[in-house]
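As the structure is a computational prediction, the values presented were derived from the model and not from experiment.
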Amino acid sequence: MAPTKQELSLLINPLVPEAVQHNYRVLSSLHSLTAFLLGLSAGILALQSITGFAFYFTGTVLVSGLFHLLIIRRSGGAGAGVFFPGSNGEIEGRLELVKSGAVLMDLGEKKAGKRYVLRAGAWKDVWFGGGVVSEALSGFVLGWAGVGGVLR
């Protein structure tokens, strides 16, 4: 039976599960801390209702964007697929298994003689991973309500 595209991609460019878990923990800590600090700031600024949530959304987008730029810089332009598995860990591009057992790869972009491994959907892990909607949002509301209540 021929290996699946996911199996081939993980054989060619493996991700160590412990390293991926560590990356998710770092991302979760970053989002949680940022959300709490944004909540404190929203409470100090006495933002209310939609204005406060717009402040959270804007701050989260800004921090995620900066973190994504840092990841792109650290990976040498390869992107988030170096650190996060994305959708099922599959590599975007064409993978072919030759009769000799070798794997031929066409990975898309080619810059300065390097082939970049583009994992499908890895950018979503940076932007939406780490509890942006659940854990981080509750930290934001806690900081926002706590400081807002103390200051009034």
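With sequence neighbours excluded, the residues satisfying side chain to side chain donor-acceptor pair (under 3.5 Å) with Glu135 are Ser28. Remark: His22 engages no residue in a side chain to side chain donor-acceptor pair (under 3.5 Å) (not counting sequence neighbours).
A pairwise comparison of heavy atoms in Ala35 and Tyr56 identifies CB-CE1, 3.8 Å as the closest pair.
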Task: Evaluation steps, side-chain contact (heavy atoms from CB on, under 4.5 Å), between Val63 and Leu66 - done: CA-CA 5 Å; Val63 168; Leu66 290 173; 5.6 Å; no
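Two different hydrophobic clusters hold Leu62 and Leu33 under the rule that ILVMFWY side chains link at heavy-atom gaps under 4.5 Å. No chain of hydrophobic side-chain contacts below 4.5 Å, direct or via other Ile, Leu, Val, Met, Phe, Trp or Tyr residues, connects Leu142 to Leu45. Cluster annotation: Phe67 is connected to Phe57 through the hydrophobic network of ILVMFWY side chains, with a link wherever side-chain heavy atoms come within less than 4.5 Å. The cluster map of Ile, Leu, Val, Met, Phe, Trp and Tyr, joined by side-chain heavy atoms under 4.5 Å apart, puts Leu40 and Leu137 in different clusters. Taking hydrophobic clusters as Ile, Leu, Val, Met, Phe, Trp and Tyr residues chained together by side-chain heavy-atom distances below 4.5 Å, Leu70 shares a cluster with Tyr24.
Residues Phe55 and Trp144 are not in side-chain contact: their nearest non-hydrogen atoms beyond the backbone lie 4.5 Å or more apart. Leu37 has its side chain out of reach of Phe140: every pair of non-hydrogen atoms, C-beta onward, lies at least 4.5 Å apart. Between Thr60 and Leu38, some side-chain heavy-atom pair lies under the 4.5 Å cut-off.
More than 12 heavy atoms of other shown residues, nucleotides or ligands fall within 6.0 angstrom of atom CG in Leu151.
Between atom CD of residue Gln21 and atom CG of residue Asn23 there is a gap of 10.0 Å, rounded to the nearest 0.5 Å. Summarising the geometry, atom CZ belonging to Phe128 is positioned 10.0 Å from atom NE2 belonging to His31; distances are rounded to the nearest 0.5 Å. Taking OG from Ser138 and CZ from Phe36, the interatomic distance works out to 11.0 Å, rounded to the nearest 0.5 Å.
For the pairing with Phe83, the side chain to side chain contact (heavy atoms under 4.5 Å, CB included) check across Ile71, Val26, Asp125 returns one residue only, Ile71.
For the residue pair Trp127 / His68, a side-chain donor-acceptor distance below 3.5 Å is found, with atom types taken as modelled.
Under a 3.5 Å cut-off, the side chain of Thr51 and the backbone N or O of Leu47 do not form any donor-acceptor pair.
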